Amino acid sequence: MIQDQYLIECPIDSDHDQIYLQNPPNTKVYIEVPPRQDIRDPRGINKHLKVDFSDVLAEPASFHSFDKVWTWSDILFESSKLWCYRIISLLCAVPVSLLSGILFALLGCLHIWCAMPCIQLCNICMPPIRSLWASVLDIFIAPICSSIGRCCSSIYVNVAKQRL
């Protein structure tokens, strides 16, 4: 709905037209439509859902329906899109928001009380396990890899084309 500050009173009196065409003192003149104050997607996560009539239906220059058909199609498309969304969101918004709230509360609780203590416990216990694992790799795996590397270092492969 348009707020009162954007409305201008215009009486139908031809004698005083010049008075009303001028801006009264201490009033703002808006050239563009002011931005909507009710922003429901402040981060723009659903920009891809802005679908207009011209994004879905378009007639090429060689084919044109009647002007009234095109206008009414546009009106019906926008109205049906709006009202179907409102009805579906009326039916689905409350249960989905309730389930989402429960799910995010559960995930938050599990993260705070289960995951983070386990991660911190692993961070505390890791230095001894890391040094033990490094010793196992140095004792068993490193000599095997070094021996295989020395054995394979004397192998040379030549690729030649054979003429027929």
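Just so it is clear, the model here is predicted, and its values are computed rather than measured.
Listed here is the closest heavy atom pair of Ser154 and Cys151: OG-O, 3.6 Å. Scanning both residues, Ile139 and Pro143, for their nearest heavy atoms gives O-CG, 3.3 Å. In terms of heavy atoms, His64 sits closest to Glu59 at CA-OE1, 3.4 Å. Scanning all heavy atoms of the two residues, the minimum distance from Asn46 to Asp41 falls at N-OD2, 3.0 Å.
Residues that satisfy the ring-ring contact (aromatic ring centres under 6.0 Å, His included) test with Trp72, not counting sequence neighbours, are absent from this structure. Judged as a side-chain contact (heavy atoms from CB on, under 4.5 Å), and not counting sequence neighbours, the contacts of Ile144 are Ile148.
Between the side chain of Asp138 and the main chain of Ala142, no donor-acceptor pair closer than 3.5 Å is present. Looking only at distances, a side-chain donor or acceptor of Ser97 sits under 3.5 Å from a matching main-chain atom of Val94.
In this structure, Leu82 shares a hydrophobic cluster with Trp83, the cluster being traced through Ile, Leu, Val, Met, Phe, Trp and Tyr side chains under 4.5 angstrom apart. Cluster partners of Ile119 are Met116, counting Ile, Leu, Val, Met, Phe, Trp and Tyr whose side-chain heavy atoms approach within less than 4.5 Å, directly or via other members.
Going from atom CD of Gln120 over to atom SG of Cys118 covers 10.5 Å, rounded to the nearest 0.5 Å. Here Leu106 contributes atom CG and Leu99 contributes atom CG; the two are 12.0 Å apart, rounded to the nearest 0.5 Å. For the atom pair CG (Leu76) and OG1 (Thr71), the distance works out to 11.0 Å, reported to the nearest 0.5 Å. Rounding to the nearest 0.5 Å places CD1 of Ile87 at 10.5 Å from OG of Ser80.
Sorted by first and then second residue, the salt bridge (Lys or Arg N to Asp or Glu O under 4.0 Å) pairs with a member in residues 69-80 read Glu78-Lys81; sequence neighbours excluded. Residue pairs meeting the salt bridge (Lys or Arg N to Asp or Glu O under 4.0 Å) criterion with at least one member in residues 142-164: none, sequence neighbours excluded.
Residues Met126 and Leu132 do not share a hydrophobic cluster, clusters being chains of Ile/Leu/Val/Met/Phe/Trp/Tyr side chains in contact below 4.5 Å.
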